[in-house]
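Let me begin by presenting the structure, written as structure tokens, before commenting on it.
Throughout, numbering of the chain's residues begins at 1 and tracks the sequence. Here the structure is a predicted model, which means the values were calculated and not measured.
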Amino acid sequence: MNMKKTALMALMGVVLAGGAVTAASAETPWQANHPARTEVNHRLANQAMRVRAERRDGVISARKAERIRIADRHILRQERRMAARHGGHLTRAQAHRLNREENHVSRHIG
């Protein structure tokens, strides 16, 4: 009985380790080296999808959708300028500021 438990535990360890390797390899080198920029860009992409969906459903007007897109483009330009000043990376304060701005824009999406 003890041998079965040991074998089962070893098998579970291999399965869990294999899952961790798969999850780690799913991240590209750029994402691994620029986590703050990746977070900002993912949020911007998510907000763009939300705007498209709400515009399609008629929840927001075309004018409001365009204003939101302009604000998102402004945040994206800011992110790129900030990163250019720090060797391609964002500082913690810069990432925090961009997230606050994204939160503000997000509240305007239905």
Discussion item. For residues Leu98 and Ile70: do they belong to one hydrophobic cluster (side chain heavy atoms under 4.5 Å, members Ile, Leu, Val, Met, Phe, Trp, Tyr)?
Written reply: no
Discussion item. We want to know whether Arg50 and Ser106 form a side-chain donor-acceptor pair, criterion being a heavy-atom distance below 3.5 angstrom.
Written reply: yes
Item to complete: Could you check Met82 against Arg97 for side chain to side chain contact (heavy atoms under 4.5 Å, CB included), going step by step and ending with a plain yes or no?
Response: CA-CA 11 Å; Met82 288 175 174; Arg97 177 179 173 189; 3.8 Å; yes
Discussion item. Please evaluate residues Arg63 and Glu66 with respect to the criterion side chain to side chain contact (heavy atoms under 4.5 Å, CB included), reporting the C-alpha separation (whole Å), side-chain torsions for both, the decisive distance (0.1 Å), and the verdict.
Written reply: CA-CA 5 Å; Arg63 183 174 181 202; Glu66 186 57 28; 5.8 Å; no
Item to complete: Look only at the side chain of His89 and the backbone of Asn33, and say whether a donor-acceptor pair between them is shorter than 3.5 Å.
Response: yes
Discussion item. Name the residue from Glu102, Arg100, Arg107 that meets the side chain to side chain contact (heavy atoms under 4.5 Å, CB included) definition with His104.
Written reply: Arg107
Fill in: Distance (rounded to the nearest 0.5 Å) between Arg52 CZ and Asp57 CG
12.5 Å
Worksheet entry | His108 atom NE2, neighbour heavy-atom count above 12 within 6.0 Å | yes
Discussion item. With rounding to the nearest 0.5 angstrom, report the CG to CG distance, Asn41 to Leu76.
Written reply: 6.0 Å
Fill in: Check against side chain to side chain contact (heavy atoms under 4.5 Å, CB included), Thr91 and His96
CA-CA 9 Å; Thr91 65; His96 184 69; over 6 Å; no
Fill in: Main-chain N/O of Ala48 paired with Arg69 side-chain donor or acceptor, under 3.5 Å
no
Discussion item. Between Asn103 and Arg43, is there a side-chain donor-acceptor contact under 3.5 Å, judged purely by atom types and distance?
Written reply: yes
Item to complete: Ignoring hydrogens and angles, state whether a donor on the side chain of Gln94 or His86 is under 3.5 Å from an acceptor on the partner side chain.
Response: yes
Worksheet item: What are the two closest non-hydrogen atoms of Gln47 and Val105, and how far apart are they?
Response: NE2-CG1, 3.7 Å
Discussion item. Just checking Arg80: does its CZ atom have more than 12 heavy atoms from other residues, nucleotides or ligands closer to it than 6.0 angstrom?
Written reply: no
Practice prompt. Go through Glu79 and Arg37 one step at a time and tell me if the side chain to side chain contact (heavy atoms under 4.5 Å, CB included) criterion holds.
Written response: CA-CA 7 Å; Glu79 179 260 340; Arg37 291 187 72 188; 2.5 Å; yes
Fill in: Backbone N/O of His42 and side chain of Asn46: donor-acceptor pair under 3.5 Å
no
Worksheet item: Just how far is it from atom OG1 of Thr28 to atom NE2 of His34, taken to the nearest 0.5 Å?
Response: 9.0 Å
Response to the item:
Rounded to the nearest 0.5 angstrom, the CD-CD1 distance for Glu54 and Ile68 is 8.0 Å
Practice prompt. Return the minimal non-hydrogen interatomic distance between Ala65 and Arg55, and the atom names on each side.
Written response: CB-CD, 4.1 Å
